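Contents: one structure, followed by commentary.
Counting starts at 1 for both ligands and their atoms, following the listed order. If you're wondering where the values come from, they're calculated on a predicted model, not measured in any experiment. Start at 1 with the first residue, then count along the sequence. Scope of the values below: all heavy atoms of this structure, side chains included, with no hydrogens, waters or symmetry mates.
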Amino acid sequence: MPDQSLKNAEKKLAAEAAVEYIKNGMIIGLGSGSTVYFTIKKIGTLVRQGLKINAVSTSGSTTDLARAEGINLISIDEAGEIDLTIDGADEVEKNSLNGIKGGGGALLFEKIVALSSKKNIWAVDSDKLVEKLGKFPVPVEVIPFGCERVFKIFEKKNLRPVVRRKGDSRYLTDSGNYIFDLHSGDISNAENLNKEIKLINGVIETGLFIGIADEIILARHDKVEILKK
Ligand code: 5RP
C-alpha cells in the first residue's frame, strides 16, 4: 500500500476506535483535522442510528462537518464540563504522552476544550509517535498587534520562527490571530519551553500540550495500540 493511503487507513482505524468510548448522553469535545474527520463521520452514522450526544466543536471546519452529520452542537459555556474529547495530534512523545498540536491551526480552541474535559483521547497514525518532541514545528498563536516584536524575541531565543501563510496572505486562525511555527528542533524540556513562550506578551497560546492526553489510540498497519498515562 502506498505511504499516504497507509497513513489514511491508520488515521481512520484510530479515529473510529476512539468512538467506542462514547456513551449515550455524553458531552463530546470534537477536535479538528484529517484524523478526527473520520471520528465525526462515524459519530454521525451512530447519531442517525439513535445515539444521543451533545458536542462542542474546536474549529469552523469541525462545526461545518458536525452540522452536516446531524450532530447537535452546544457552546463550550453551555457544556461546562465535557465528558470526553477526541482529537488528533501532530506529534506524541512516547513516554510522557505530551504532544504538539495545531498543524491545522486550531490549537487555541483545542486546548480550551481539552482543559474543559474530564478525559482526552488522541487518535493518531503510527508516524506521530516520537521519542522526543520537536521535529514537527511548534505552532504558536500570536495576536497581530505588535507581533513583529514577538517574532524577534523568538529569533533571539533561536527558536527559528516562520510566519504561517495561506497563499499570498498570513494564515489567520478562527480568532483572527497569526501563527508562528517554531522550527526549534529537539525539545529537551517541553514543559519549560511552554511556560517560557506563554510568558511573552502577545502570545495567545502554544501548540505544546503538556499533561493533557489521558490515552493515545495509535494505529499501526491494521492494529490498534492504546498508550495510557
Ligand atoms: C489541528 C490539530 C490536529 O489535531 C493535528 O494537526 C493533526 O492533524 P491530522 O489529524 O490532520 O494529522 O492539532 O489544529
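In terms of protein heavy-atom proximity, atom 11 (O) of ligand 1 is closest to Ser34 OG, 2.4 Å. The protein non-hydrogen atom at the shortest distance from atom 1 (C) of ligand 1 is Glu110 OE2, 3.2 Å. For atom 3 (C) of ligand 1, the closest non-hydrogen atom on the protein side is Ser32 O, 3.3 Å. Among all non-hydrogen protein atoms, the one lying nearest atom 12 (O) of ligand 1 is Lys128 NZ, 2.8 Å. Here the protein heavy atom with the shortest distance to atom 4 (O) of ligand 1 is Lys101 NZ, 3.0 Å. Of the protein's non-hydrogen atoms, the one nearest atom 5 (C) of ligand 1 is Asp90 OD1, 3.1 Å.
Nearest residue to atom 10 (O) of ligand 1 from Leu107, Thr35, Ile100, Asp125 is Thr35 (criterion: closest heavy atom).
Taking both residues in full, the closest heavy atoms of Thr35 and Ala15 are given as O-CB, 3.2 Å, listed atom of the first, atom of the second, then distance. Between Thr58 and Leu30, the shortest heavy-atom distance links the atoms OG1-O, 2.8 Å.
Of all atoms in ligand 1, listed by their number and element, those nearer than 4.0 Å to a heavy atom of Gly105 are 14 (O). When each atom of ligand 1 is checked for a heavy atom of Lys11 under 4.0 Å away, the hits are 9 (P), 11 (O), 12 (O). Distances below 4.0 Å separate heavy atoms of Gly102 from the following atoms of ligand 1: 2 (C), 13 (O), 14 (O). Remark: ligand 1 atoms within the under-4.0 Å shell around heavy atoms of Asp87 are 4 (O). Listed by number with element, the atoms of ligand 1 under 4.0 Å from a non-hydrogen atom of Gly88 are 4 (O). Atoms of ligand 1 found under 4.0 Å from any heavy atom of Gly104 (numbered from 1 in listed order, with element): 1 (C), 6 (O), 14 (O).
For an aromatic pair to be called close, the ring centres must be under 6.0 Å apart, and Tyr171 with Tyr178 fails this.
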Ile226 vs Glu215, side chain to side chain contact (heavy atoms under 4.5 Å, CB included): CA-CA, chis, key distance, verdict
CA-CA 7 Å; Ile226 310 287; Glu215 260 179 63; 3.4 Å; yes
Carefully, step by step, assess Leu208 and Ile187 under the rule side chain to side chain contact (heavy atoms under 4.5 Å, CB included).
CA-CA 11 Å; Leu208 288 165; Ile187 298 169; 4.1 Å; yes
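For the residue pair Ser59/Asp174, the side-chain donor-acceptor check at 3.5 Å is not satisfied.
With rounding to the nearest 0.5 angstrom, the CD atom of Glu131 is 6.5 Å from the CG atom of Asn95.
By the criterion of a heavy-atom distance under 4.0 Å, the backbone of Ala89, and not its side chain, is placed next to ligand 1.
Between Ala106 and ligand 1, a contact under 3.5 Å exists for at least one N or O pair. Between Val36 and ligand 1, not a single N/O pair is under 3.5 Å apart.
At most 12 heavy atoms of other shown residues, nucleotides or ligands fall within 6.0 angstrom of atom NZ in Lys12. Annotation: Tyr21, atom OH; neighbour count of heavy atoms from other residues, nucleotides and ligands within 6.0 Å is above 12.
Not a single heavy atom of Gly31 sits under 4.0 Å from any atom of ligand 1.
Taking the ring centre of Phe38 as origin, the terminal cationic atom of Lys11 falls outside the region bounded by 6.0 Å and 45° from the ring axis.
Following chains of ILVMFWY side-chain contacts shorter than 4.5 Å, one can reach Phe154 starting from Leu133, so the two form part of one hydrophobic cluster.
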